[in-house]
Every structure is written in C-alpha cells, then in structure tokens.
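Reviewing the structure listed below.
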2 protein chains.
Amino acid sequence: MTAPPACLIIPHVMKWVYIEDIAAHAGQSVEIRGWVYNKRSSGKVRFLLVRDGTGLLQATHFSAEKDHPLFEMFDRLTQESSVVIRGAVREEKRAPGGFELELEEIDILQVAQDYPITPKEHSTPFLMANRHLWLRSQKQHAVLEVRAEVIRAIRNFFDSRKFRLMDTPILTPSACEGTTTLFETQYFDQKAYLSQSGQLYNEATAMAFGKVYCFGPTFRAERSKTRKHLIEFWMVEPEVAFAELEDIIELGTDLVVDIVGRVLENRRRELDILERDTAPLAKVRKPFPKMSYEEIVPRLKEKGSAIQPGDDLGAPEESLLAELFDTPVCITHFPAAIKAFYMQPAPSRPDLVLGVDFMASEGYGEIIGGGQRIHDPGLLEEKLREHNLPREPYAWYLDLRKFGSVPHSGFGMGVERMVSWMCGTKHIRETIPFPRLLYRIYP
Amino acid sequence: MTAPPACLIIPHVMKWVYIEDIAAHAGQSVEIRGWVYNKRSSGKVRFLLVRDGTGLLQATHFSAEKDHPLFEMFDRLTQESSVVIRGAVREEKRAPGGFELELEEIDILQVAQDYPITPKEHSTPFLMANRHLWLRSQKQHAVLEVRAEVIRAIRNFFDSRKFRLMDTPILTPSACEGTTTLFETQYFDQKAYLSQSGQLYNEATAMAFGKVYCFGPTFRAERSKTRKHLIEFWMVEPEVAFAELEDIIELGTDLVVDIVGRVLENRRRELDILERDTAPLAKVRKPFPKMSYEEIVPRLKEKGSAIQPGDDLGAPEESLLAELFDTPVCITHFPAAIKAFYMQPAPSRPDLVLGVDFMASEGYGEIIGGGQRIHDPGLLEEKLREHNLPREPYAWYLDLRKFGSVPHSGFGMGVERMVSWMCGTKHIRETIPFPRLLYRIYP
C-alpha cells in the first residue's frame, strides 16, 4: 500500500456510537468503529467480537445462504483488523455487556497481518518491546482504566477541598535531596536537573495560596531494578500552610480512603478482569493504625526482620508489615539521619523528625511520604550546613522562613504505587502506559 | 533565631476557617491564619488586612484605651508578618468581601523584616528573581487562580466526554519533530530527550482506548525570547481514533468555548483584579470562522503582511488576524512543507495537509495546533524518508499503521497561551508559577 485505500475514508451513513454507551441505543441501528478482538462460527451464525477502546461488543450474523457476502468478509478478518460495523442493538443477556449487534454491514478498513500478541503466553521483554500494542490487551487496558480513575479521584479530592493546583517546574537549577540520582541536562549556559519532587516549590506557593497541590511526572535516575520502582513516575504533592504533622496524617488518610472507595465503586469490572480480591481493599477505613519508628522496629524484629535501629525500612520490612496489619499503617517520628534536611525535628527529641510514611496493606509498600517542614530560618540554615548543601541555590527557599514563616506540612503520593496496590499487579511497570525502567526507554 | 520560637506552635483553641468560606460563619467566633497584607489606623480603630491565600479579610479593633495590648501588637506588625487572629465574623458591606472580623486576639508567629516587594514599582528582572514571593501579590495570585480554573475546565471537559487520560512519557529515545530544539540527557547507557509532545504515544493509546488525552509538561530548547514562548510549558493533547479533520475542529471549538465560559463564570473576581476587558471573551461562540491557508494569505497581505505563499504565520500575522476577526479563527490546509511529517495529505492536493491551527482573538496567537495523521503505512514510511528521519526509532509508530490502521486525528493546546489570553497578560511568563525562560531557571 502506498496510497490510502479508499475504504479508509469512513462513510458517514449512520450514528457512530461507542460501545460503553450502547445500552442507550437498544432497538436502534447504530455504527460501531473498532477492531476485531475475536471471532467464531457456529453453523449458520457468525460471531464477531469487536473492541473500540471503551468496551467489547458481540456482533452476530445469521444467514441460511452459505456464500452470503458478509460471510466472505467475516472469513477475511483477523485479530486487530480495523472495521466499521452497522446493525441494530439488541439486549442479549448471554453476550458480554448484556447487548449485542445484529450485524448488517461490515466495512473493512484494514486486514491486520500477523498481529504479534496472540492469546498464548509471551515473555515479559517481548511484551515490553511491544508495549504500544500490549496496551490493547484486556488486562493492560483494565490496569490503565484504574490508573485514570485513581488520578481523577486524586484531582477531585483536592479540587473539592479547594486546594489550588500549582504546577511546579521540572527543570530545576538544584537538587531537592542531593544530586546522585538526578538526570542532568544542559540548560543554555548552565546545568539543570529533572525534578525529583515539587515540594520546595510547593512550600512557596502554599505561602501564597494557603493550600496547594502539584501533580506531575518526577524522575529518579536510580540504578535499581525492583518491582516497585520506575525511573519516571507521577506524584501528587499537597502542601498546607499552618498544618502540622497530625493535620496531614488526617489529609493523607482521607485521600487514601477516598481513592480506594472510588476505585471499588467505579472500577468493579476492571478489578474483576484483573481477578483482584477486593476484600483487603474493603478494609481500608479511617483511622489507620499509627506507630512511631521506635515502636515498629522491635515488632518487625520479632517477626524476623534484620533491621537495626536507625536503618530505613526496606522491601523485607514492607512484607512483614503486611503480617502485622491488614490495613495501611502510618509510621511516624523517623530518625533524622535517614530523612531529608528540611524535616522539622520533634519538639522534645531533636534526633527524630515529624515525618510520616503511609505503607499500603498487602506488602505494596510506601504510598505516601511526608511530614512537617522546618519553619525556623536559623535551624534550616544549620541543616543545610549539616547536609553539605550550598546556600546560594536555596536562598529563595530560606526566604520563605524570613517573610512570614509559618508551620507547614505536606506529602507526596506515588500514583503508580497506588495503582499497583489497587490492581494487585506484581510489578509496577504495568501501571503506566509507557514505563521507563533501567535500560528500558523504548517504545 | 536558631530555635523555633514557642509562638510558632499554633494554639488549637478555636475553629480554623479559610477566608473564602467566611460567609458561612457570620455571627460566629473563628480563627484565621494568614499574613498581614496591609494595616491602617483611624483614631481609636485599627484595621488589619489579612490574606490567607484564599482571600483578603479586614479585621477591626476598637478600643478607648490608648495602650490596649492589641494596639501594641498591631504596631509591631509589618507587611507579610504571619499571624493567627481570632474574633467574631460580622457582615460589613464596606469591607472587601462583604465581611469583617471583630478582632479580639492576635498571635504573632513571625514579624517579617524588609519584605522586598512593596507597593512601589519594581523592575521585571527583580520580580522574576523574587518569583517565590511575587506569587503573593494580588495580580499574580489572580493569574494563577485563572490558570487553575483553565486546567480544571480542560480536565472536566475531557473526562465528561469519557476521554481516557493516558500519560505519555517525558523521557523519550527519539524526537517527535527533529532534534534541534530538544533537551538531551544521559539515560544510563544511551541518550534520551525531553518530550516536545505526547502525540506519537497518544496515537498508540488511542488505538487501545478509542479517545484519549495526555496532559503534562513539554519542553522546547528554543533560543528565542518572545512574549509568547516558554521553555517549559503545559500542553493538553487529545487524540481520537476514527476522527477526521472536521471532527477535531469541532472538538477544539467546543473545548475553547467551554474554557472561556467557565473562566467568565467562575473567575469574574480575578478578571476584575486584572482589569481584563471581558467583552472580547464574551464573543467566543461556536462555530469559529474557518479559512484555508491559501485563503488567508492574500487577506493578510492586503492588510500589510510581508508573508509569502509557503511561509508559516508569524507574530505580525497573528496581530493582523485580530484586525480581520474578533473571535478565534481556524486556519486549515497548510503547505505540507511547513508542517510535520505525520500529517495526512489533503485528498486532491497532496502538497497540502489536513492540519488546523486555532488562533486566539486579540492577537494572542496560536492556542491549538493539530490535524489528521497519516494512516497508510507506505505513505508514512515515504514521509520518514523525505524528512531524513531514521526508521528504527519509529518502528513502533509504523506498527500502528500495520495492525488495524484507522484514520485518526488530534491536537495540542498550550495551557499558558490560553491563560495569557484569558487574563490579558502582555507576557506569557506570568501564567505559570515558576517560568522557565531563556537564561532564567531561578528560582
């Protein structure tokens, strides 16, 4: 083919309808535009299963004539061939979705040849290299519908609470928490880095707008290959002026409960397709158990963890937490030494910080990390020195403590971690349309 | 200050209320947390104007005692000092917002010293270097409230039409439209580039989900200094399988009309603060005038443009269009030579492409660019060769034309251009919290 085949000009003869809206057209003749998902014959009946991105529809044709022209077209169709089909919508309890189409016309746009993804098992590297096509598969489709639902839930949550969306920059002149895991680029006459977090900028906009959130992609150039890490991932980060640790623990709890509730309410079909046991999700109710780092470490050791006081929690501890609790859990008051420079020390224990990590249930790991930020200018300068961070790039950040400083708190929630937990995916790579992993940047 | 002053621990004695919600608390005693915006005295009365990021509130105290302790505190307060104030909410028509607080208590959190942004005029470089504080000014605040409204309008528009949000990657192995204006970074053992558009990836997700949009930051390393360009900007890009040029002209028109309507409905107060003449915005109704490139060029020349047939429209032409039309205008059927390789040729004029640019009224320039994409695999391969683009990085993109190819169309809308137009800002730099410009990456 070098010129567009004529059949690719779509004839506009009938109302084009999406499969997800089909119930509203019962008894009417409609046009569906989509791709062949499957087909089968049974005597004088042909069944064509068509997907259009919004659902699956069975189109059925019955004819006593063996050489009916529709049968000939039917025979030519292969998996993922593109078609426009027309016919009357009929309620049919046995069909997927409860409706089927009495197939009257087929326009074939393109017969697909040798579609690489077949119902047989494929290796993960093969599927990842064909991610642009793998997205069409039912399970991948379901995971990404849940992702869209999670994101919509997050935005609605913050918008309905009147948080102001304030986008923070990706290109930044300095690092938020050190430079070892940063992507660097040349920004005209200087170096710039891809943001790992919008938090520092959120603190500025929170002083201007009271309660804000940013929501965008973030980047960590980590040479690690785990089931829970992406190089590029989306994070939502609220920040609230005048809020203290307890306030944002409540905010984070409400957010998690809201997301889980919306997914359970609106994405039952997708969770069914993914064979997700929803019983553990139904247990997600406020408040979550809350323990300090110093309380949880001995309990993890009892369960067999090798963690030593002062160590950060790792993957083995995340799994053990799932044995201790059947809901998410909040861990607070971490050793200052394992947390970022800007964290507010606990009032009577300056070796601990007013931070909180939310750990998902079932071992899905950290979904939220945050806490209260240092508001005292002298203390913040001291911490910058302690962490060997240069003063100059943080001059504006220090300004926020000079001109009407207030206690303030916030957190970051990783979207893909939430989606992975909701869907029960073993690996986080399936929770974003085009995952960026160590050595994987194609397609 | 090296230790947090005790007063920074907020006493929890009364219900904390945001100023935007004050009307619901008329007659009640409430606590407001915010910053001093202004103050004045008149005999025995003190007026404190406080902002909390959601609004401005006048707090008033009357006392016959000259040395009332509240007066002493009032005298210490400077612009941007952080305070917690308490008192009863009273309707007061003369106060900004229609309510005022009968001030009973002040807790001073921090007295701000020498706040750099005063009511006098400041130079743009000075304001840009203090962007983290400039955001607190009333006009900047208003622009960014409009920005948040525009973004919410866009998301609601696509969500309500059941478009699936499918995030596209920022880190990409190849360029969408050539590499000259790309930021490059080292991605482990290979080079990667920051995305200029999610479109190619949208085409893959559209084949999986029918109708999709992506919405994220995009990057152009252009060495140009204009009032209409940012290095980092946000773009929303819908893509629709089976849609042709006319379909997405209608989609784009509906989107623009919807955004303008929501801004006029919900952000009157901000447009007032910005002294935006809303009459031109009230004229934004569908359909927009539509002209082909070949029709518009002679009309622009008549008006004095130096444009030659085959040239792209530039800033002078954008201004002249505002003399020809008092609403947005759609320009279609551009010469293939000035457009991207993936654009579908017009059926009987292969030297023209089925593209569309939406130009805002009042000279605010291009707000939407898009069109129909090539669906024929042979033709796409030919175009890649013509544009000297390598085949290998586009192998996955060619796959979309092999496995159930369908006509499809989409567009990109620049968020900051829309905000600039809505607000009537002279320069696009004010439409994003932390603008990235040529040689400007701080703060």
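The analysis underlying the following values was restricted to heavy atoms, covering all of them including side chains, and did not include hydrogens, waters or symmetry mates. Proteins come first, then strands; the chains are lettered A, B, ... in the order of their sequence lines, and each starts at number 1. These figures come from a predicted structure and were not determined experimentally.
- Proximity to chain B is absent for every atom of A:Gln138, based on heavy atoms less than 4.5 angstrom apart.
- Proximity of a side-chain donor or acceptor of B:Glu232 to a complementary backbone N or O of A:Leu171 within less than 3.5 Å is detected.
- Geometrically, B:Lys211 engages A:Tyr18 in a cation-pi contact, judged by NZ or CZ lying under 6.0 Å from the ring centre and within 45° of the ring axis.
- Separating the CG atom in A:Asn156 from the CG atom in B:Asn156 is a distance of 7.5 Å, to the nearest 0.5 Å.
- Per-residue heavy-atom pair counts under 4.5 Å with chain A were compared for B:Ser81, B:Ala112, B:Ala148, and the maximum is reached by B:Ala112.
- Contact of A:Leu380 with chain B is not made at all, since no heavy-atom distance falls under 4.5 Å.
- With ring centers used as reference points, A:Phe242 lies under 6.0 Å from B:Trp35.
- Every residue two or more places apart in sequence or in another chain that forms a salt bridge (Lys or Arg N to Asp or Glu O under 4.0 Å) with B:Arg152 is listed here: A:Asp159, B:Glu149.
- A:Asn130 touches chain B through its side chain: at least one heavy atom from C-beta onward sits under 4.5 Å away, while N, CA, C and O do not.
- Within the 4.5 angstrom heavy-atom criterion, only backbone atoms of A:Phe215 (N, CA, C, O) approach chain B.
- Side-chain contact between A:Leu144 and B:Arg164: absent, with no pair of heavy atoms (C-beta onward) separated by less than 4.5 Å.
- Residues B:Tyr439 and A:Asp189 meet the side-chain proximity criterion, which asks for heavy atoms closer than 4.5 Å.
- Under the 4.5 Å side-chain criterion, counting only non-hydrogen atoms from C-beta, A:Pro377 is in contact with B:Gln110.
- Highest contact tally toward chain B, considering only A:Tyr442, A:Phe183, A:Phe403, is held by A:Phe403 [criterion: heavy-atom pairs under 4.5 Å].
- Residues B:Gln186 and A:Thr185 form no side-chain contact, since every pair of their non-hydrogen atoms from C-beta on lies 4.5 Å or further apart.
- With chain A as the partner, the residue from B:Arg155, B:Gln113, B:Glu80 showing the most heavy-atom pairs under 4.5 Å is B:Arg155.
- Residue A:Gln372: no heavy atom, backbone or side chain, is found under 4.5 Å from chain B.
- Looking at A:Gln190, only its side chain comes within 4.5 Å of chain B, counting heavy atoms on both sides.
- Of the two parts of A:Arg131, neither the backbone nor the side chain holds a non-hydrogen atom closer than 4.5 Å to a non-hydrogen atom of chain B.
- Listed options B:Met166, B:Lys402, B:His141 were ranked by heavy-atom pairs under 4.5 angstrom with chain A; first place goes to B:His141.
- Interface remark: of the candidates A:Phe219, A:Tyr187, A:Trp16, A:Tyr187 forms the most heavy-atom pairs closer than 4.5 Å to chain B.
- Taking both residues in full, the closest heavy atoms of A:Gly216 and B:Trp234 are given as CA-CH2, 4.2 Å, listed atom of the first, atom of the second, then distance.
- Minimum interatomic distance between A:Ala208 and B:Arg51 (heavy atoms only, all atoms of both residues): O-NH1, 3.6 Å.
- No part of A:Val36 comes within reach of chain B, as not one of its non-hydrogen atoms sits under 4.5 angstrom from that chain.
- When each of A:Val83, A:Ile170, A:Ile441 is scored by its heavy-atom pairs under 4.5 Å with chain B, the top score falls to A:Ile441.
- A donor-acceptor pair under 3.5 Å is formed between the side chain of B:Ser82 and the backbone N or O of A:Ser405.
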Stepwise salt bridge (Lys or Arg N to Asp or Glu O under 4.0 Å) test for B:Glu20 and A:Arg161: CA-CA 12 Å; B:Glu20 67 184 338; A:Arg161 290 178 178 227; over 6 Å; no

Check against salt bridge (Lys or Arg N to Asp or Glu O under 4.0 Å), B:Lys162 and A:Asp21: CA-CA 10 Å; B:Lys162 298 187 189 173; A:Asp21 304 322; 2.5 Å; yes

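- At a 4.5 Å heavy-atom cutoff, A:Ile19 makes no contact with chain B through either its backbone or its side chain.
- Here CZ of B:Phe434 is found 10.5 Å from SG of A:Cys214. Values are rounded to the nearest 0.5 Å.
- The candidate from A:Ala206, A:Pro217, A:Pro345 with the greatest count of non-hydrogen atom pairs under 4.5 Å with chain B is A:Pro217.
- For the atom pair CD1 of A:Ile151 and CG of B:Asp167, the computed distance is 4.5 Å after rounding to the nearest 0.5 Å.
- B:Met207 has its side chain out of reach of A:Leu133: every pair of non-hydrogen atoms, C-beta onward, lies at least 4.5 Å apart.
- For the pair A:Leu109/B:Pro407, a side-chain contact is recorded, criterion being any heavy-atom separation below 4.5 Å from C-beta on.
- In terms of non-hydrogen atom pairs under 4.5 Å with chain A, the most contact-rich of B:Ile432, B:Asp52, B:Leu400, B:Ile231 is B:Ile231.
- Rounding to the nearest 0.5 Å gives a distance of 11.5 Å between CG of A:Leu135 and OH of B:Tyr201.
- We find the CG-CZ distance between B:Leu437 and A:Phe188 to be 9.5 Å, quoted to the nearest 0.5 Å.
- When each of A:Glu203, A:Glu381, A:Arg147, A:Glu145 is checked for heavy-atom pairs under 4.5 Å with chain B, A:Glu145 comes out on top.
- Of the listed residues (A:Pro116, A:Ser137, A:Pro435, A:Pro393), the greatest number of heavy-atom pairs within a distance under 4.5 Å of chain B belongs to A:Pro116.
- To the nearest 0.5 Å, atom CZ of residue B:Arg136 and atom OG1 of residue A:Thr205 are 10.5 Å apart.
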